[in-house]
Amino acid sequence: HTGDLQNTLRGHHYTVYCLELDKRHIISGSVDKTIRLWDRETGTEIRTMKGHTNSIRCLKFDQTTIVSGAWVYLPFPSLLFFLAFLSTVY
């Protein structure tokens, strides 16, 4: 690789916090509460996944499944925990 720009991925409406990739895909998680699956070669968005109620803070991908996490604020004083989702890609 030359270090040259290969693609610009356009789709998220706010900051991207996390990325995962393999030889075929890029997976991104954002403040806009979505996870997007991209074709790595073309930069084309394949799918948008929704479900979190707060910013996506982390994700992990293993070819068929995405595990993602986001902070969740509860109505109790100073109570905060991390919520994780599983999403099957194919």
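Everything numeric in this text was worked out from a predicted model, so none of it was measured. Position 1 is the first residue of the sequence, and the numbers go up from there.
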Colleague: Count I, L, V, M, F, W, Y as connected when their side-chain heavy atoms are under 4.5 Å apart, and connections chain through other members. Are Tyr14 and Val16 then in the same cluster?
Modeller: no
Colleague: Do Arg40 side-chain atoms and Leu21 backbone N/O form a donor-acceptor pair below 3.5 Å?
Modeller: no
Colleague: Going by heavy atoms in the side chains, are Leu19 and Ser28 under 4.5 Å from each other?
Modeller: yes
Colleague: Quick check: closest heavy atoms across His52 and Ser68, and the distance to 0.1 Å?
Modeller: NE2-OG, 2.8 Å
Colleague: With a 4.5 Å limit on heavy-atom distance, are the side chains of Val31 and Tyr17 in contact?
Modeller: yes
Colleague: The criterion is side-chain contact (heavy atoms from CB on, under 4.5 Å); which residues satisfy it with Glu41, sequence neighbours excluded?
Modeller: Asp39
Colleague: Less than 4.5 Å apart, any side-chain heavy atom of Leu9 and any of Glu45?
Modeller: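 No; the side chains remain at least 4.5 Å from each other.
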Colleague: Rounded to the nearest 0.5 Å, what separation is found between the CG atom of Leu59 and the CD1 atom of Ile66?
Modeller: 7.0 Å
Colleague: Do Ile46 and Ile56 sit in the same hydrophobic cluster, where Ile, Leu, Val, Met, Phe, Trp and Tyr count as joined when their side-chain heavy atoms come under 4.5 Å apart?
Modeller: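 Ile46 and Ile56: one cluster.
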Colleague: Atom NE2 of His12 and atom OG1 of Thr48: how far apart are they, to the nearest 0.5 Å?
Modeller: 7.5 Å
Colleague: Are any side-chain N or O atoms of Thr34 and backbone N or O atoms of Met49, one a donor and one an acceptor, separated by less than 3.5 Å?
Modeller: no
Colleague: For the CD1 atom of Ile27 and the CZ atom of Arg47, what is their distance to the nearest 0.5 Å?
Modeller: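 With rounding to 0.5 Å, CD1 (Ile27) is 11.5 Å from CZ (Arg47).
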Colleague: May I ask you to test the Glu20-Lys60 pair for a side-chain heavy-atom distance under 4.5 Å?
Modeller: yes
Colleague: When clusters are formed by joining ILVMFWY residues with side-chain heavy atoms under 4.5 Å apart, either directly or through shared neighbours, do Leu37 and Ile35 land in the same one?
Modeller: yes
Colleague: For Ala70 versus Ser55, what's the shortest heavy-atom pair and its separation?
Modeller: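 Minimum heavy-atom separation between Ala70 and Ser55: CB-O, 3.0 Å.
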